[in-house]
Amino acid sequence: MVTAPLLAAASSDAERHGVFTLEGFPYWIVYVAAFGIVMVRAQATYWLGRGVARGMGGTRVAHVLASPRATQVIDRIHRWGPPAVTFSFFTVGVQTVVNLAAGYLRMPFGRYLVALTFGCLVWAAIWTTVGTAVVWGAVLLFLHHPAVLAALVVLALGLTAWLLHRRRTRTDAAQPTPEEV
């Protein structure tokens, strides 16, 4: 059977290197590398947002963002946005949008950098512990019981689709129909 050599290799690697390592590198090196990667990626996204904002000068969007109401909202974002930056790293995918928005709205870099640093520390800790354990668990589950892994993936996708459908149904029900307007 093909899985027997793979299982032996995975078991010996896990025993030799441990779950929280990468090719035998100690945990702290993997953590620092993950922290560095996410720090560079998030800042690149922030600076991309700043560049897009700069390129929007003179457009209708720029005039809307210069209105008194928009200025008040942007001031609130500058004040309360840093916690949003930090907490976005507890999610999957949201941090890209938050970092892009922080750059686009020109969040002061000092505040952004402090919030980003805490967020990256958390992200690296999550993905080098829980994330690594989940990946190794999925690999071992695939090697021992591939049908169970496939069933879990189908179940997760089905649950996600159901939750999205339920949310959309509630949103549609909350909106008034043309007859009610």
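Keep in mind that what you see is a predicted model, and the values were worked out from it rather than measured.
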Subject >> Candidate list L157, L155, L163, test side-chain contact (heavy atoms from CB on, under 4.5 Å), partner L159, passing option >> reply: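 Among the candidates, only L163 passes.
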
Original post:
Of V85, V98, L116, which meets side-chain contact (heavy atoms from CB on, under 4.5 Å) against M107?
Top reply: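 Single pass found, and it is V85.
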
Subject >> Side-chain heavy atoms of F89 within contact of I126, under 4.5 Å >> reply: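 SC-SC contact between F89 and I126 ruled out.
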
Subject >> pair I37-W127: side-chain heavy atoms closer than 4.5 Å >> reply: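 With C-beta onward as the side chain, the pair stays apart.
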
Original post:
Do you reckon L48 sits in the same ILVMFWY cluster as V97, going by side-chain contacts under 4.5 Å, direct or chained?
Top reply: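 Each belongs to a different hydrophobic cluster.
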
Original post:
Under 4.5 Å between side-chain heavy atoms, hopping through other hydrophobics if needed: is there a path connecting V32 to V30?
Top reply: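 Yes, one cluster joins them.
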
Separation between [atom1] of [X] and [atom2] of [Y], rounded to the nearest 0.5 Å:
{"X": "L121", "Y": "T117", "atom1": "CG", "atom2": "OG1", "value": "6.5 Å"}
{"X": "T86", "Y": "Q95", "atom1": "OG1", "atom2": "CD", "value": "12.0 Å"}
{"X": "L149", "Y": "L141", "atom1": "CG", "atom2": "CG", "value": "5.0 Å"}
{"X": "W28", "Y": "T128", "atom1": "CH2", "atom2": "OG1", "value": "13.5 Å"}

**OP:** Could you walk me through whether Q43 and L113 pass side chain to side chain contact (heavy atoms under 4.5 Å, CB included), step by step?
**Re:** CA-CA 9 Å; Q43 280 196 44; L113 188 59; 3.6 Å; yes

Original post:
Taking all non-hydrogen atoms of both residues, which atom of P82 and which atom of A115 are closest, and how far apart?
Top reply: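 Where P82 meets A115 most closely, the heavy atoms are O-CB, 3.1 Å.
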
Original post:
Of the non-hydrogen atoms in R50 and G103, which two are nearest, and what is the gap between them?
Top reply: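 So the two residues come closest at CD-O, 2.9 Å.
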
**OP:** Using the six-membered ring wherever Trp is involved, compare the ring planes of F35 and Y31 and label them parallel, tilted or perpendicular (cut-offs 30° and 60°).
**Re:**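 If you compare the ring of F35 with that of Y31, the planes turn out parallel.
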
**OP:** Over 60° means perpendicular and under 30° means parallel, so classify the ring planes of Y46 and Y112, tilted if in between.
**Re:**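 Y112 vs Y46 ring planes: parallel.
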
**OP:** Please step through ring-ring contact (aromatic ring centres under 6.0 Å, His included) for the pair W123 and F118, ending with a clear verdict.
**Re:** CA-CA 9 Å; W123 184 91; F118 284 117; over 10 Å; no

Original post:
For atom CZ of R41, is the number of surrounding heavy atoms from other residues, nucleotides or ligands below 6.0 Å larger than 12?
Top reply: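 Yes.
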
